[in-house]
Amino acid sequence: MGAWAIAVHGGAGVDPNLPKERQEEAKRLLTHCLDIGISALRSNLPAIDVVELVVRELETDPLFNSGRGSALTDNGTVEMEASIMDGPKRRCGAVSGLSSVKNPVSLARLVMDKSPHSYLAFSGAEDFAKKQGVELVDNEYFITEDNVGMLKLAKEANSILFDYRIPTVGTCGAGAAAMESPLQMNGLPISVYAPETVGCVVVDKEGRCAAATSTGGLMNKMTGRIGDSPLIGSGTYACDLCGVSCTGEGEAIIRSTLAREVGAVMEYKGLNLHEAVDFVIKNRLDEGKAGLIAVSKNGEVACGFNTTGMFRGCATEDGFMEVGVW
């Protein structure tokens with residue numbers, strides 16, 4: 001019997017001028033989700049069940065960019081995506097292009113458990129959801145007043161916005177300042193703050209690792225765009241050594257297969273979890289901006305990012321617990 005550990009994230013790339021109230025709101029939600037996970041682990045729930053449970057909670061709250069409160073496409077609709085992976089046998093499930101599934105992570109779990117495939121998208125994923133009897137809601141359920149306002153700003157700027165929750169009145173880091181960002185995605189200029197994808201990684205007492213990631217993607221993204229979150233090995237990965245969930249500039253995470261890289265350097269370079277996380281953040285992102293959370297089969301937990309901050313929280317069986325932004 002080993003020791004359990006859990007970590008959650010709500011996105012990397014936090015605006016340094018983010019209002020204090022917004023920071024505290026995020027910390028409260030992350031703490032709440034950690035408490036749910038800790039309680040489940042103390043009840044000996046398997047790691048794969050815990051990551052699904054925690055990410056469902058994050059999807060239900062509109063604070064971060066997943067499930068309810070997801071970013072809007074250039075057509076004003078949501079196209080959500082999620083993935084989940086069970087380390088012991090590297091079983092996985094992923095979904096993209098969802099517009100009516102209340103909890104995308106649970107549909108990803110059903111793809112893993114109830115289909116012969118690993119990845120379903122758009123109409124195929126929606127049809128599978130209906131056959132599985134998962135809870136479906138109207139597209140309007142996911143759309144909030146904040147989403148609509150920030151999509152309007154993004155369209156006016158002819159840009160993609162990552163963090164559509166940054167207030168544009170009385171906040172120096174938003175609005176026009178965002179438009180002047182020198183950062184690029186695949187060579188094209190974008191406005192970048194916090195890509196508030198959510199994720200959870202867990203190792204249970206049996207040493208089983210699991211990971212899950214869920215997102216609404218980018219505000220004002222092209223219809224049909226798929227990011228790193230549902231891509232196994234990029235946004236999500238779990239094996240017998242570790243579990244990893246990533247967040248940040250999706251295109252950079254995809255190019256570097258960031259999540260898998262953590263397990264790879266542990267396996268092939270013999271690095272421990274903290275060394276592996278540090279190595280991939282420093283050496284595998286090129287000029288991309290991203291972050292990740294990770295656990296190891298030994299009960300270790302780690303996070304890393306090369307952005308201003310990352311909404312994150314972690315806890316271990318020995319009583320350690322931490323929630324942070326910067």
Chemist: Do Arg284's NZ or CZ and the ring of Phe279 fall within the cation-pi criteria of under 6.0 Å and 45°?
Modeler: no
Chemist: Please check: side-chain N/O of Asp204 versus main-chain N/O of Pro46, any donor-acceptor pairing under 3.5 Å?
Modeler: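 No; judged by distance alone, with no hydrogens or angles, the pair does not exist.
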Chemist: Less than 4.0 angstrom from a charged side-chain N to a carboxylate O is my criterion; do Arg208 and Asp86 meet it?
Modeler: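 No salt bridge links Arg208 with Asp86.
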Chemist: Contact between Phe122 and Ile226 at the side-chain level, heavy atoms closer than 4.5 Å - yes or no?
Modeler: yes
Chemist: Report the residues that fulfil side-chain hydrogen bond (donor to acceptor under 3.5 Å, both in side chains) with Glu126, sequence neighbours left out, ordered by chain and then residue number.
Modeler: Ser99, Ser100
Chemist: Do any N or O atoms from the side chain of Lys221 and from the backbone of Glu79 form a donor-acceptor pair under 3.5 angstrom?
Modeler: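 Yes; at least one donor-acceptor contact below 3.5 Å.
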Chemist: Whether the side chain of His9 engages the backbone of Thr197 through a donor-acceptor N/O pair (distance < 3.5 Å, no angle test) should be reported.
Modeler: yes
Chemist: Donor-acceptor pair, Glu135 side chain versus Asn103 backbone, under 3.5 Å?
Modeler: no
Chemist: Would you say the side-chain atoms of Asn65 pair up with the backbone N or O of Ala71, donor to acceptor, closer than 3.5 Å?
Modeler: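 Here the side-chain-to-backbone pair exists.
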Chemist: Is a side-chain donor or acceptor of Ser83 paired with a backbone partner of Ser229 at a separation under 3.5 angstrom?
Modeler: yes
Chemist: Is there a side-chain contact between Asp278 and His274, using heavy atoms and a 4.5 Å cut-off?
Modeler: no
Chemist: Give me the atom names and distance for the closest heavy-atom approach of Ala276 to Val265.
Modeler: CB-CG2, 3.5 Å
Chemist: Which residue in the set Leu41, Val295, Ile6 passes side-chain contact (heavy atoms from CB on, under 4.5 Å) when paired with Val203?
Modeler: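 Testing each of Leu41, Val295, Ile6 against Val203, the sole residue satisfying side-chain contact (heavy atoms from CB on, under 4.5 Å) is Val295.
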Chemist: Got a sec, which residues hit side-chain hydrogen bond (donor to acceptor under 3.5 Å, both in side chains) with Asn139, two or more places apart in sequence or on another chain?
Modeler: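 For Asn139, no residue satisfies side-chain hydrogen bond (donor to acceptor under 3.5 Å, both in side chains) once neighbours in sequence are set aside.
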Chemist: Closest heavy-atom contact between Ala5 and Val301?
Modeler: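 Looking at all heavy atoms of both residues, the shortest contact is CB-CB, 4.3 Å.
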Chemist: Is there a side-chain contact between Arg109 and Ile48, using heavy atoms and a 4.5 Å cut-off?
Modeler: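 Of all side-chain heavy-atom pairs linking Ile48 with Arg109, at least one is under 4.5 Å.
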Chemist: Between the side chain of Arg312 and the main-chain N/O of Gly10, is any donor-acceptor distance below 3.5 Å?
Modeler: no
Chemist: Taking Leu63's backbone N and O only, do any of them form a donor-acceptor pair with Asp61's side chain (distance below 3.5 Å, no angle check)?
Modeler: yes
Chemist: Write down the atom of Arg260, the atom of Glu267, and the distance for their closest heavy-atom approach.
Modeler: NH2-OE1, 3.8 Å
Chemist: Is it true that Glu24 and Lys27 make a salt bridge, defined as a side-chain N closer than 4.0 Å to a carboxylate O?
Modeler: yes
Chemist: If you compare all heavy atoms of Cys209 against all heavy atoms of Cys239, which two are closest, and at what distance to 0.1 Å?
Modeler: CB-O, 3.8 Å
Chemist: Quick one: are Tyr237 and Glu261 in side-chain contact, heavy atoms under 4.5 Å?
Modeler: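 No; the side chains remain at least 4.5 Å from each other.
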Chemist: Does any non-hydrogen side-chain atom of Phe142 lie less than 4.5 Å from one of Val137?
Modeler: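 Yes. Closest side-chain heavy atoms under 4.5 Å.
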Chemist: With Ser296 as reference, evaluate Leu273, Val277, Leu241 under the side-chain contact (heavy atoms from CB on, under 4.5 Å) test and give the passing residue.
Modeler: Leu273
Chemist: Between Thr73 (side chain only) and Asn75 (backbone N and O only), is there a donor and an acceptor less than 3.5 Å apart?
Modeler: yes
Chemist: Decide yes or no for Cys246 and Asp228: does some side-chain heavy atom of the first lie under 4.5 Å from some side-chain heavy atom of the second?
Modeler: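 Result yes, sub-4.5 Å side-chain heavy-atom pair found.
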Chemist: List for me each residue that meets side-chain hydrogen bond (donor to acceptor under 3.5 Å, both in side chains) alongside Thr307, sequence neighbours excluded, and say none if there are none.
Modeler: none
Chemist: Passes salt bridge (Lys or Arg N to Asp or Glu O under 4.0 Å), Glu251 versus Arg225? Steps please.
Modeler: CA-CA 11 Å; Glu251 277 65 13; Arg225 182 261 185 182; 2.9 Å; yes
Chemist: Going by heavy atoms in the side chains, are Thr247 and Leu292 under 4.5 Å from each other?
Modeler: no
Chemist: Are any side-chain N or O atoms of Ser39 and backbone N or O atoms of Asp35, one a donor and one an acceptor, separated by less than 3.5 Å?
Modeler: no
Chemist: Kindly give the heavy-atom pair with the smallest separation between Leu98 and Ala125, and that separation in Å.
Modeler: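 Result for this residue pair: CD2-CB, 3.6 Å.
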Chemist: If we only count heavy atoms from C-beta on, is the Lys114 to Lys131 side-chain gap below 4.5 Å?
Modeler: no
Chemist: Search all heavy atoms of Thr213 against all heavy atoms of Ser245 and return the closest pair with its distance.
Modeler: OG1-OG, 2.7 Å
